[in-house]
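Here the structure comes first, spelled out in structure tokens, and everything after it is commentary.
Below, read A as the first sequence line, B as the second, and so on, with proteins coming before strands; counting in each chain starts at 1.
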Number of protein chains: 2
Amino acid sequence: MSLRHALLALLTVERMTGYDLSKAFQASVSHVWHAPDSQIYPELRRMEADGLLVGTEVPWGPRGMKREYHVTEAGRGAFRAWMNEPLSYTRERDPAHLKAAYLEWAEPDAARAQLRAHIANFEEQRTEWLEKVREIDTGTSTMLEKRLAHAPASEHAAIRAYKRYTYEGLIARAEHEIQWAERGLTLIDELNRTDAPPPA
Amino acid sequence: MSLRHALLALLTVERMTGYDLSKAFQASVSHVWHAPDSQIYPELRRMEADGLLVGTEVPWGPRGMKREYHVTEAGRGAFRAWMNEPLSYTRERDPAHLKAAYLEWAEPDAARAQLRAHIANFEEQRTEWLEKVREIDTGTSTMLEKRLAHAPASEHAAIRAYKRYTYEGLIARAEHEIQWAERGLTLIDELNRTDAPPPA
DNA sequence: GCTAACTATCTATGGGGATAGATAGCTGAC
DNA sequence: GTCAGCTATCTATCCCCATAGATAGTTAGC
């Protein structure tokens with residue numbers, strides 16, 4: 001149930017519509033959290049019912065209407081409470097490593113293709129996160145700059161540092177996954193080099 | 001839907017009951033995959049209905065009965081097909097990193113406690129996986145030795161190597177998470193050292 | 001003025017997993 | 001002989017999430 005907390009996190013910056021939030025999920029926190037709009041809209045309704053948010057209808061063009069949400073004191077409190085709570089760690093469930101353990105069942109080429117896909121996937125993530133770090137450093141992250149504008153100057157360093165710390169961790173993890181898959185490619189080659197013994 | 005494939009993977013070694021499988025999930029592949037028995041039993045029934053398994057009632061004690069499943073050729077084929085298929089990568093959903101990005105909202109002590117819990121969690125995993133690698137190397141992994149006994153000698157090296165490769169990757173990942181959390185602890189200390197400026 | 005692309009919201013369905021709990025037989029220790 | 005702890009299986013509920021699709025208004029360019 002941290003969709004709720006991810007939404008609260010974004011709404012502590014400024015009032016937004018469900019649509020804004022679904023866009024923000026794609027841009028700002030994509031690959032840390034993701035949710036389709038079909039989950040966001042009902043969750044916002046529930047959060048309003050629980051008193052965490054207040055939604056107000058605002059005109060949009062001549063005839064259209066949209067619903068903007070802002071966080072209440074209760075919502076802010078709930079987010080702070082969650083941030084102070086310990087996290088419960090769920091058991092891993094990792095298809096990539098599950099498959100890796102049984103790679104002898106796959107054709108060597110299929111195995112290679114999968115490891116290459118693993119690499120491609122994490123290289124893409126790595127690129128995105130490097131870009132986020134760049135945005136943090138250059139002050140071109142819209143959400144972060146808005147957040148800083150509403151926060152006392154004494155907290156700016158911490159806010160920036162924690163964001164950077166998070167993305168750096170994700171980058172390092174992506175690099176680990178890339179290296180792991182590359183070792184796997186080497187291993188497949190070694191195991192399929194039947195015609196020649198390893199060099200002495 | 002890889003619970004099905006995880007079950008197939010285990011059942012390619014030998015016939016087992018739902019209970020055996022639920023135990024094997026805790027022992028052999030815990031932390032790569034996990035499932036409670038309440039998911040395993042119905043899934044086994046479905047797999048039997050789909051022709052992947054055949055279940056036979058065998059007596060257990062004077063009056064008891066248990067149901068042992070073994071993989072059919074279709075089941076073996078389905079597993080091999082899955083192993084040759086590319087994996088679809090789902091977007092990340094990572095509560096620990098989500099929270100890390102907003103650590104300024106937490107009390108410093110609460111933040112420290114969470115990072116310490118992160119470390120403890122991955123140290124525990126690391127210990128378990130190191131033990132698995134040891135079992136692979138010393139030939140004391142029951143499942144692996146059974147698997148090897150049913151496989152041609154020419155494949156033994158590959159089977160052992162892929163298992164080792166998988167666990168080594170998980171160990172490295174756990175170590176990465178530990179290092180990341182340790183850097184976080186340092187960061188919290190730095191940001192809360194208000195009374196003294198950083199040394200020149 | 002029309003069309004394409006974007007903004008905005010909602011409903012429906014199904015799968016999978018977490019959690020809880022019910023039932024029943026077996027085994028070994030005291 | 002009985003009780004604790006293990007083996008064995010099944011059902012039910014709730015929540016979350018993924019996917020698909022329906023609807024409608026807006027904006028900007030041609």
Round to the nearest Å and state the distance from [X] atom [atom1] to [N] atom [atom2].
X     : N      : atom1 : atom2 : result
B:Y89 : D:dA18 : OH    : P     : 17 Å
B:E43 : D:dT9  : CD    : P     : 16 Å
A:E68 : C:dT9  : CD    : P     : 9 Å
A:L7  : D:dC16 : CG    : P     : 12 Å
B:L3  : C:dA18 : CG    : P     : 10 Å
A:I40 : C:dC10 : CD1   : P     : 12 Å
A:K66 : D:dT26 : NZ    : C1'   : 11 Å
A:R46 : D:dC15 : CZ    : P     : 9 Å

So does A:R112 pair up with A:D109, basic N to acidic O under 4.0 Å?
yes
List the steps and the verdict of ring pair (Phe, Tyr, Trp, His ring centres under 6.0 Å) for A:W180 and A:H118.
CA-CA 9 Å; A:W180 176 72; A:H118 198 78; 5.3 Å; yes
Residue [X], side-chain heavy atoms: nucleotide from [options] that is nearest:
X     : options                : result
B:H34 : C:dG17, C:dA18, D:dC10 : C:dA18
B:W60 : D:dT19, C:dG17, C:dC26 : C:dC26
A:R63 : C:dC6, C:dA18, D:dG25  : D:dG25
A:Q39 : D:dC10, D:dC17, C:dA18 : D:dC17
A:Y19 : D:dT9, C:dC6, D:dT26   : C:dC6
B:D37 : D:dT9, C:dA18, C:dA8   : D:dT9

For B:S38 and B:M65, take the nucleotide of DNA chain D holding the closest heavy atom to each; which residue's nucleotide lies nearer the 5' end?
B:M65
B:R134 and B:T140: side-chain donor and acceptor closer than 3.5 Å?
no
Under 4.0 Å between any heavy atoms, over every strand shown, what does A:R45 touch: base, sugar-phosphate, or nothing? Just pick one.
sugar-phosphate
Tell me whether the NZ or CZ atom of A:K99 lies within the 45° cone about the ring axis of B:Y162 and under 6.0 Å from its centre.
no
Can you check whether [X] has a side-chain N or O nearer than 4.0 Å to OP1 or OP2 of [N]?
X     : N      : answer
A:T17 : C:dT9  : yes
A:Y41 : C:dC10 : no
B:R93 : D:dA18 : yes

Under the ring-ring contact (aromatic ring centres under 6.0 Å, His included) rule, collect the residues that match up with B:W60, sequence neighbours excluded.
none
